[in-house]
**Q** 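I'd like to ask some things about the structure below.
Atoms considered below: every heavy atom in the structure, side chains included; atoms not considered: hydrogens, waters and symmetry mates. Below, chains carry the letters A, B, ... as their sequence lines are ordered, and counting in each starts from 1.
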Number of protein chains: 2
Amino acid sequence: MSENHSAEQLFLKEYDVNQYVRPSVSVDMLLFTVTEEESENYRKRSDKSLKILLIKRKEHPFLGQWALPGGFVSANESIDEAAIRVLEKETGLRDVYLEQLYTWGDIGRDPRTRVISCSYMALINSDLYPLQPGEGAEDAKWFHVSDQWTQKKTTVTENGFMIEKWAELRLGSGTDEASATVKTTKIVEHGHSKVVQEIEKAHNLAFDHAKMIVYALERLRNKIDYTDIAFHLLPEYFTLSDLQQVFEVILGKELLAAAFRRKVADKVLETNHIRRNAGHRPSKLYRYNPQWDDEL
Amino acid sequence: MSENHSAEQLFLKEYDVNQYVRPSVSVDMLLFTVTEEESENYRKRSDKSLKILLIKRKEHPFLGQWALPGGFVSANESIDEAAIRVLEKETGLRDVYLEQLYTWGDIGRDPRTRVISCSYMALINSDLYPLQPGEGAEDAKWFHVSDQWTQKKTTVTENGFMIEKWAELRLGSGTDEASATVKTTKIVEHGHSKVVQEIEKAHNLAFDHAKMIVYALERLRNKIDYTDIAFHLLPEYFTLSDLQQVFEVILGKELLAAAFRRKVADKVLETNHIRRNAGHRPSKLYRYNPQWDDEL
DNA sequence: CCAAAAGTGTTCTCTATACACCCATGA
DNA sequence: TCATGGGTGTATAGAGAACACTTTTGG
């Protein structure tokens, strides 16, 4: 006990309690999955859709709006452990791909008190977690996500210039909808650049979670080509078309099959399994090749 | 006042004070620059060196060891603003390139009390901040940095395998030295992978700052090709050889001049200025082209 | 047969790499 | 003059984009 006491005293030498208020630290979880949409046509391939899990707030502030699942970091766990705990509470899943994204520390981001939030991205495949959009508990739902650049403006200033870009974020789950406009400003002055993000409009989306979602989508798009994150969104066995659809849904554009197959060739291993269900040529099933990257 | 009171009460509804102790949040600054080393030979080009600013600790714990500059986040500033403030206190500089890196939240990382640290990387050019290695205040010094992968081990486990890699971090400033070995473990099981980093040995380096430095070096290497970060390490006017040396110092390998010039051609603008000082053909001076990337 | 997707081959362009070569200077 | 770095041209190999084409199924 005296050891702890002296440790705390050592700490207080450098830490002025009057000036530095200890904030609350939370983790916010960006849980993504890719699901099949019902295919209306006769034997058309079913489209896939990128989904994110949101929870309906049952308290003020933002009562009734949608928010990312999250929780506070407690004294006896690391922030990574807090993220794992929050994820398990929300989905019941363990051993899921988790990645720290960014830490949000603006002053007024929680109107109640000072909260600093560390955001984590989790990727699961929908087979493992079969909660369907629109079903399940009323307060946790998978929302279809998409974002799109809608406007770009360049302004010349005295010492440089400024580029403003607006991203439109759209989320939907059955009749529930949420949306936001996030403005990203890049200011270049005296050869130095600075990037600032702000939420212009938010509809049904709590706190600054729109920024977090835009950030996560950006990260997903950036990493999908040179990492193995796409495989976390698929079951163990999948066709190359499945994989291609995951890429297309995340990148938001169509890809050519021939080039795609060559690009992912060394990330996958062919198996003996074959999927023969639809009205067309059956497809070989592949699995992830965990050794595709010799480096870490 | 009553508004604040009810806001706090709203907050306490979701926040169990007994379970969630509010930690201290600090920012730690990874301040890099590139300096010229004295060239010993007659008209050889002077080598460049990547430097990081470290501060000698004047308190327990880690008394006398070297640490990253840092400070606690106060109640009336965002964490970005805290980073700017810490940087200005340390260097007197404002309007410097700053980038949030990662947030470190392990339980025992500060032996005194629970501290969560958000690390920021700052890049400055040494002309702006002429503190020389070995000179200046005894307690703040530029250290030469380098890291190197020294060992790699692959082990097959029951449900997958495990790759361990060791990185040797070396820091030096005159007679002062610090070093550390950071082990990175990638565990692949059931098709899922997890990466863990730990410090195996640390000599003269305080806290978990060795991990932060290794992380920052990795980030620098990854971003230098597709962003403009290299230019923040150079003065406004520079030769293409200067730029190439910055790349070489960060990537830790030599590059071919012809290919390099073509690669950076659209990131720079030719100027009328010429540098004519050494015993060889004079070189054109270039400056950063802030519009090289049409996108953000 | 036919619609649809699975899967392959070919051509073209662009980029990175390697290397050879010339240029301009100050000592 | 010559050592040294500045700067350019060219040939080659590999990756990605575009597109044409064949294969295989269920209805």
**Q** Between dG16(D) atom C1' and D266(A) atom CG, what is the distance in whole Å?
**A** 14 Å
**Q** I need the CD-C1' distance between Q245(A) and dA4(C), as an integer number of Å.
**A** 13 Å
**Q** In whole angstroms, how far is the P atom of dT25(C) from the CD1 atom of I274(B)?
**A** 8 Å
**Q** For R276(A) and D242(B), take the nucleotide of DNA chain D holding the closest heavy atom to each; which residue's nucleotide lies nearer the 5' end?
**A** D242(B)
**Q** Please confirm whether any donor atom in the side chain of R275(A) sits under 3.5 Å from an acceptor in the base of dT24(D), or the reverse.
**A** no
**Q** How do K253(B) and K284(A) order along DNA chain C: which one's closest nucleotide is nearer the 5' end?
**A** K284(A)
**Q** Please report the distance, rounded to the nearest Å, between CZ in R281(A) and P in dA6(C).
**A** 10 Å
**Q** Rounded to whole Å, how long is the line connecting atom CD of E36(A) with atom P of dA5(C)?
**A** 13 Å
**Q** If the cut-off is 4.0 Å, is S241(A) near the phosphate of dA5(C), judged by side-chain N/O to OP1 or OP2?
**A** no
**Q** Are the side chain of K267(B) and the backbone of T227(B) linked by a donor-acceptor contact shorter than 3.5 Å?
**A** yes
**Q** The side chain of H280(B) lies closest to which of these nucleotides: dT25(D), dG5(D), dA18(D)?
**A** dG5(D)
**Q** Measure the distance from CG on L256(B) to P on dA16(C) and round it to the nearest whole Å.
**A** 13 Å
**Q** In whole angstrom, what separates Q244(B)'s CD from dG6(D)'s P?
**A** 8 Å
**Q** My understanding is that only one of F231(A), Y286(A), Y288(A) makes a ring-ring contact (aromatic ring centres under 6.0 Å, His included) with F238(A); could you say which?
**A** F231(A)
**Q** Looking at L251(A), V145(A), I250(A), which one forms a side-chain contact (heavy atoms from CB on, under 4.5 Å) with L220(A)?
**A** I250(A)
**Q** Which of these passes side-chain contact (heavy atoms from CB on, under 4.5 Å) with R221(B): L217(B), I224(B), D225(B)?
**A** L217(B)
**Q** If only side-chain N and O atoms of R261(B) are considered, is one of them under 4.0 Å from the OP1 or OP2 phosphate oxygen of dG7(D)?
**A** yes
**Q** Please check if the number of heavy atoms outside R219(A) that lie under 6.0 Å from its CZ is greater than 12.
**A** yes
**Q** Rounded off to whole Å, could you give me the CG-to-C1' distance for the L255(B) and dG5(D) pair?
**A** 16 Å
**Q** Measure from the side chain of A258(A), starting at C-beta and using heavy atoms only, and say which of dC19(D), dA6(C), dT4(D) lies closest.
**A** dC19(D)
